[in-house]
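Taking it in order: structure first as structure tokens, then the write-up.
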Amino acid sequence: MVVGSGNVAEALAVAVAAAEGLCLRGVAARNGVRAAEIAALAGGVWHGPIGDAPAADLYLVAVSDRAVAAVAAALPRVAGAVVAHTAGSVGVDVLRDAGWDACGVVYPFQTFTAGRRVDFSRVPLFVEGAGEGVTERLEAFASRLSRAVYRASSARRRTIHLTGVLACNFVNALYSMAADCLAERESLPPSVLYPLIEETARKAMSLPHPRRGQTGPAVRGDMTVAARHGAMLADEPLQRDIYRLLTEYIWETSRKI
């Protein structure tokens with residue numbers, strides 16, 4: 001049973017419904033309209049209020065960090081069931097505090113967007129259980145979805161989540177910054193950036209460490225170009241500071257190669 005109505009809930013519901021050896025009992029969420037949409041995407045499975053969710057072996061709570069405790073507490077008590085949330089920065093103790101002894105975490109280390117499908121077999125899943133028995137049950141479940149399943153304590157998972165913010169959220173924000181600059185200053189579309197973005201990602205994935213593929217004025221120590229770019233961003237102090245700090249970071253870390 002998937003509990004939630006966001007992007008992670010949608011991706012999990014679709015993946016569970018398609019996985020061999022798994023049966024999706026339904027989708028439950030406070031947002032009934034969205035739950036119905038996700039249910040339809042996953043094959044028309046049951047949907048409805050959280051408190052009316054049918055019996056299941058596993059309840060996957062895929063909601064915002066702040067809502068995990070309240071949603072878990074609202075679930076029906078089913079003998080033998082395990083409740084697991086999917087958050088990277090929320091400890092398993094939140095579920096214990098909500099009254100669940102058989103609880104854990106199945107954290108998919110990927111970015112999800114409504115309507116976009118990912119190959120779940122390649123998504124790293126980090127598992128934590130309240131006890132060895134629960135951990136093994138969650139590992140068995142996760143192994144039906146992905147070929148990359150790892151155990152991770154709450155502390156380890158927080159570090160992993162931090163790296164995801166750096167490698168995904170922050171990088172995408174820089175894509176957006178570059179796209180806005182092209183549009184506002186030169187009336188060019190974001191598609192101008194796409195070949196560069198694609199090659200940068202492909203190169204980073206092909207090397208032992210992404211730093212080995214670093215290029216640009218900062219890694220060369222070309223402070224003349226860096227200063228010129230900084231001047232161009234004089235009217236955008238936040239962007240100017242981001243540029244300066246990243247230049248300093250690249251220069252300092254490039255010397256470790």
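What you see is a predicted model, and the numbers here were worked out from it, not measured in a lab. Excluded from the calculations below are hydrogen atoms, water molecules and symmetry mates; all remaining heavy atoms, backbone and side chain alike, are included.
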Identify all side-chain donor-acceptor contacts of residues 176-188 below 3.5 Å with residues at least two apart in sequence or on another chain.
{"from": "S176", "atom 1": "OG", "to": "N172", "atom 2": "O", "distance (Å)": "3.1"}
{"from": "R185", "atom 1": "NH1", "to": "M232", "atom 2": "O", "distance (Å)": "3.2"}
{"from": "R185", "atom 1": "NH2", "to": "M232", "atom 2": "O", "distance (Å)": "2.9"}

Would you mind writing out the side-chain donor-acceptor pairs for residues 66-77 within the sub-3.5 Å range, not counting sequence neighbours?
{"from": "R77", "atom 1": "NH1", "to": "G99", "atom 2": "O", "distance (Å)": "3.0"}
{"from": "R77", "atom 1": "NH2", "to": "A98", "atom 2": "O", "distance (Å)": "3.2"}

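Screening residues 91-103 for salt bridge (charged side-chain N to carboxylate O under 4.0 Å, His left out), with sequence neighbours left out, gives no hits. Pairs of residues two or more places apart, or lying in two chains, never qualify as ring pair (Phe, Tyr, Trp, His ring centres under 6.0 Å) while including a residue from residues 154-213. Pairs of residues two or more places apart, or lying in two chains, never qualify as ring pair (Phe, Tyr, Trp, His ring centres under 6.0 Å) while including a residue from residues 65-100.
Apart from M223 itself, the hydrophobic cluster it occupies contains nothing, where clustering links Ile, Leu, Val, Met, Phe, Trp and Tyr at side-chain heavy-atom distances under 4.5 Å. Residues near V225 contribute nothing to a hydrophobic cluster around it, because no ILVMFWY side-chain heavy atom sits closer than 4.5 Å to its side chain. If you chain together ILVMFWY residues whose side-chain heavy atoms come under 4.5 Å of each other, F109 ends up grouped with V92, V105, Y107, F126, Y150, I160.
Under the salt bridge (charged side-chain N to carboxylate O under 4.0 Å, His left out) criterion, R228 pairs with no residue, sequence neighbours left out. Taking the salt bridge (charged side-chain N to carboxylate O under 4.0 Å, His left out) definition, one finds that R202 meets it with E198, E199, sequence neighbours left out. For R151, the salt bridge (charged side-chain N to carboxylate O under 4.0 Å, His left out) test picks out E132, E139, with sequence neighbours left out. The side chain to side chain contact (heavy atoms under 4.5 Å, CB included) search around A114 returns N7, E10, R34, not counting sequence neighbours.
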